[in-house]
Each structure stands twice: as structure tokens, then as C-alpha cells.
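Computed from a predicted structure; not experimentally measured. All ligand and atom numbering here is 1-based and tracks the order in the structure.
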Amino acid sequence: MTLPIYQNFIHGRYLANTTGEHFEVKNPATDEVIYRVEIADESIQLAAIESAKLGFDLWSSMSAIERSRILLKAVAILRERNDELATIEVLDTGKPWQEAQCVDVETGADVIEYFAGLAPTQVGQQQTVGADFYYTRKEPLGICAGIGAWNYPLQIACWKSGPALAAGNALIFKPSELTPLGALKLAEVFCEAGVPAGVFNVVQGAAEVGQWLSHHPEIAKLSFTGEVGTGKKVVASSAGSLKSVTMELGGKSPLLVFEDADIDQAVSAAMLGNFYTQGEICTNCTRVYLHRNIYTEFTQKLLHRIQNNIVAGDPLDPKVNFGALISREHQQLVLSYIDSGIEQGASLLCGGKAMRPASAANGYFVEPTVFVDCQDDMRIVREEIFGPVMSILVFDDERDVVQRANDTHLGLAAGIFTKDIQRAHRVIHKMQAGICWINSYGNSPAEMPVGGYKQSGIGRENGIETLEHYTQTKSIYVGMTNIESPF
Ligand code: NDP
């Protein structure tokens, strides 16, 4: 069977590269190559920039309400095609259909809808200064770039294009080479909705293509989602052209469960925050701190629910709620973290091995894994694993657990379960994290800004403030009287 080959999406259409270079994409649940993708070689890179310039000229001269109307059409098409797009995400990422069908496309469409609604609300100021006055205009930045991770490929492309396009910019987007198809489909949707050619171009490839975007002097802003280490390289190479950057990076987030918490709810949060998307979510609460008095009840309930409620297997099966990791390399990395946990003295409450579910025997599965007897300085407690590995730690004292929870260079998210309303707010205000939940975990609506403290990020996605990051303010002074000059 000949495999489909996808080209880069430039100026409203698929465009062949000149070198013929391409890469292969595998389905993580079957280990089979499912399609090939052409790499954005120099000819594509040049075309992407020239096209984005043309697209920007046209798009930025439209009124915000016209842009909004077109983006809302794209939102409607995304929702109509929900199942087709969700299937693409399942085949590319290995995540369960059960999730993709109700989350991935939906939360992407929500964000575009949100920013489409906000676009016409952007206003400047006017102020009288003596006989003269000035006014300000909110202008788009020009050509922006987005670089995405592989865990929520379509959603990330939507979260970056929504505010960028609503503000009148053009966006060149590079998805992860592990999950390149969702962004191409988004480009098709934008075109069908009437977004002019060149406003959303998709370039494919690995680090080199990302580096080209971060270096390029004509790209005004770069929004990146990925690992902390890659983020640092991207910031360093963006510095050459003083690009503005948004960095959505990794985390090692704490969940604090106090003795008065609703334990069933806290177990639900810990499971969602460690096993949803088979643990490949940046905000996951991989450090679960339990008050000593509830340790036994919590761990027993947790174990019972893992043993009875997790269904691993073919991600396309609607009954499956636990999918395959993104790649064989990543599976091996997660297993090596589990080995290090055992070597450093933690004990397995459950899991710890690779899995071969009958319906997806060649997939890159790792069992839902819970470590107890953990210490704060173990690698499994300090480093982001990005897989289904939870570390349980015990605490006695509020001040002590706050200090331990904050003792990390990362600061993406944090959560607390308690029925004491004063403690809930007191503790959460002390958390050094950008995204916090009280008696909840993981929800991230379009209206709520998200992003990291410390090395987990720079800037925010979603929420009103993100639109500001995609505009620049022009001040215009208007002289109403004759200029006084000594010359
Ligand atoms: P990576 O950092 O490996 O890659 C992210 C993107 O950057 C990919 O498109 C990658 O290309 C590209 N890239 C790699 N090297 C460079 C470079 N030198 N210059 C420019 N671009 C480059 O992250 P992963 O894809 O492995 O994603 C997992 C990480 O993403 C986790 O750390 C997770 O926490 C984080 N993440 C953060 C989120 C947040 O909102 N804070 C949300 C989702 C994930 P390619 O893969 O094709 O090589």
C-alpha cells in the first residue's frame, strides 16, 4: 500500500518542496508508519515568509469584525468535523478517542471562538494634552510564528493561531514532527472559512525548521510549547532579532491533599492529573502530597480505582481510557525514570512496567504507575517525566508542605484539596505556580490565562491578556497649534 504524503501548507495550498526530503509518522498504538510528510526545505521557507507578508497585508487591513466573522466560520467547521479531526489526533498521538472526541477539537475551537469575539473589542485611547491631543492604536505585530509540542497538536495550533489571527497577524506554525497532520487540517479549515492565503502557513520538520523560525529577522513574535531545555535554546536564538516570546514549558506540579479533604474527589483529581492522556500533560500533578492522617485511605482508594477503572488498549475503541505513549524512545525514557525511582528507594504501589494490551500489542504503553516512600530529592520527584508516573509524598504541617511544594525550578501548576476555605486560599496564594486549582484539577477554559512561573514559561496563553501580547501600541501625537521652535 502506498502511504499518503503530505506537503507543507503555504499560501492557501499544499506546496511541494524541491529537495524531496520527507519524514515518516508512526501510529504510537500500532508502531506502524501511517503517512509521510515533506520537510520545509529552503524553497518552502522562502515561500512561507513571502506568502505571510502578502497574507498579513490583506488580513491586517480588514476590520476586526470582518476577521472575527471569518474566524467564527472556522470555529463552526472545526466543530462540524470534530470526529474526523479527533480521529487524526488519536492516530498521531496514541491518546484515547474517548478524550479526543470531546476535548481536543472542542477546546481548540473554544479558544478561536473566544479570541474572535474579543477582536472587535480592542480599542485605543485618546487624551487631550493642552491644545493638542494624542491617540493610540492597537496594531498587529506582523508575521508571528508558533512551534508546537506533540501531546495536543491541534489544540496547540488553535491556541496559538486564535489570538494571533484575531489581532490581525499572520502565523507560520510548525507542529512537532511526531504529530504533523492536525495543523495541516487546521490550515484547510481556515482556508475554507475564508482566511486569506498566507495568513496561516504550516511548515514541517524537526529542530532545524524550529531554529529557522526562531532566528528569522522578519518574524516579530514566537510562541513556543515544549520542554524547558528546548525553550531556553529558542529564547537564546530569538534574542538575535529581539523577538517577543511566549514560552509554554514543562512542569512538576504539586497536589496538596489536606486531612479534611473530600478524599474521593482528591483521588479523582490525582488520577486525572497523572493518567489522563496517559500522563502526557504539562500541568500534571505528578507530586501528590498527602497529609499523614489520610495516607492509607487515599492510597487504598487510588489503588482500587486504578485496578478497576483503567482500560488500556486500542485508543480508537471508545471504551479505552488509557492510550499509548508518543514513541518507543519516550516509552523507554519513562521506564528508565521508573527504574531510577526503584534504585533510589521508592516503592511501587502499582504499575512500573511496559504494557502489551491485547488490542494494541505493539503500542508504546506504560502501566499507570504510583510510587510511595518517595523523598523530595529523588529524580522521579524532581524531574518532569511526562508519562503515567505519580509520586506520593507525606506531610504533617502546612508550612512545611508549602515550602516543599515550592522547592523546584518549575512553576507551571499547583492544586489543593481541603474544605477549609481560608486554608485553601492562604495556601494557593503561596504556591509559586501560574495555574492553580482549588478542589479541582486540570480544567483550562479559554477565558482563563495559562502559563508558568519560574522556568515553566514566559507570558500567557488564553484569557484577555494574550491578545495584548499579539499587538503593539502606536501613540500618535496631533499638533493643533503652531510649533514653537527656537530654530
Ligand atoms: P520539545 O521541546 O522536544 O519540542 C517542542 C517543539 O520544538 C517541537 O515542535 C520540536 O520539533 C521543536 N524543536 C526542537 N528543538 C528545537 C530548537 N532547537 N529550536 C526550535 N524548535 C525546536 O517538546 P515535546 O514536543 O517533547 O513536548 C513535550 C514537552 O512540552 C513537555 O516538557 C511538556 O511539559 C511541554 N508542554 C508544555 C505545555 C504548556 O502549555 N506549558 C503544553 C504541552 C506540552 P520536533 O518535535 O519536530 O523535533
Given [options], which one has a non-hydrogen atom that is nearest to [atom]?
| atom | options | answer |
| --- | --- | --- |
| atom 13 (N) of ligand 1 | Asn284, Thr230, Leu249 | Thr230 |
| atom 27 (O) of ligand 1 | Ala145, Ala149, Ala207 | Ala149 |
| atom 18 (N) of ligand 1 | Gln211, Arg460, Glu208 | Gln211 |

Numbering the atoms of ligand 1 from 1, which are under 4.0 Å from a heavy atom of [X]?
| X | value |
| --- | --- |
| Gly148 | 5 (C), 6 (C), 8 (C), 9 (O) |
| Val234 | 19 (N), 20 (C) |
| Gly205 | 47 (O) |
| Leu412 | 41 (N) |
| Phe224 | 2 (O), 5 (C), 6 (C), 7 (O) |
| Ile147 | 6 (C), 7 (O), 9 (O), 12 (C), 20 (C), 21 (N) |
| Gly210 | 19 (N), 20 (C), 21 (N) |
| Gly250 | 32 (O), 34 (O) |

Can you check whether Pro180 reaches Phe23 side chain to side chain, under 4.5 Å on heavy atoms?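 Pro180 reaches Phe23 side chain to side chain.
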
Does a side chain donor of either [X] or [Y] reach within less than 3.5 Å of an acceptor in the other side chain?
| X | Y | value |
| --- | --- | --- |
| Glu99 | Thr277 | yes |
| Gln455 | Lys232 | yes |
| Gln265 | Tyr441 | no |
| Tyr152 | Asp104 | no |
| Asn284 | Thr286 | no |

Starting from [atom], what is the nearest protein heavy atom, named by residue and atom, and what distance separates them?
| atom | value |
| --- | --- |
| atom 46 (O) of ligand 1 | Ser176 OG, 3.3 Å |
| atom 39 (C) of ligand 1 | Cys282 SG, 3.2 Å |
| atom 28 (C) of ligand 1 | Phe386 CE2, 3.6 Å |
| atom 45 (P) of ligand 1 | Lys174 NZ, 3.7 Å |
| atom 47 (O) of ligand 1 | Glu177 N, 2.7 Å |
| atom 35 (C) of ligand 1 | Gly226 O, 3.2 Å |
| atom 31 (C) of ligand 1 | Glu384 OE1, 3.5 Å |
| atom 24 (P) of ligand 1 | Trp150 NE1, 3.3 Å |

Assess whether ring pair (Phe, Tyr, Trp, His ring centres under 6.0 Å) is satisfied between Trp150 and Phe386, documenting all intermediate values. CA-CA 11 Å; Trp150 42 256; Phe386 220 55; 5.3 Å; yes

For the atom pair SG (Cys191) and NE2 (His11), what is the distance rounded to the nearest 0.5 Å?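 The NE2 atom of His11 is 9.5 Å from SG of Cys191, to the nearest 0.5 Å.
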
About how many Å separate OG1 of Thr225 and NZ of Lys160, when rounded to the nearest 0.5 Å?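 Rounded to the nearest 0.5 Å, the NZ-OG1 separation comes to 2.5 Å.
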
With a 4.0 Å cut-off, would you call Arg382 and Asp377 a salt bridge?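 Salt bridge absent between Arg382 and Asp377.
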
Under 4.0 Å from atom 4 (O) of ligand 1, can you find at least one protein heavy atom?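 Protein heavy atom within 4.0 Å of atom 4 (O) of ligand 1: absent.
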
Only one of Lys221, Glu461, Arg460 forms a side chain to side chain donor-acceptor pair (under 3.5 Å) with Thr246, so which one is it?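 Only one option passes, and that is Lys221.
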
Taking every non-hydrogen atom, the tightest pair across Pro254 and Ala413: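 Scanning both residues completely, I find the closest heavy atoms to be CD-O, 3.3 Å.
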
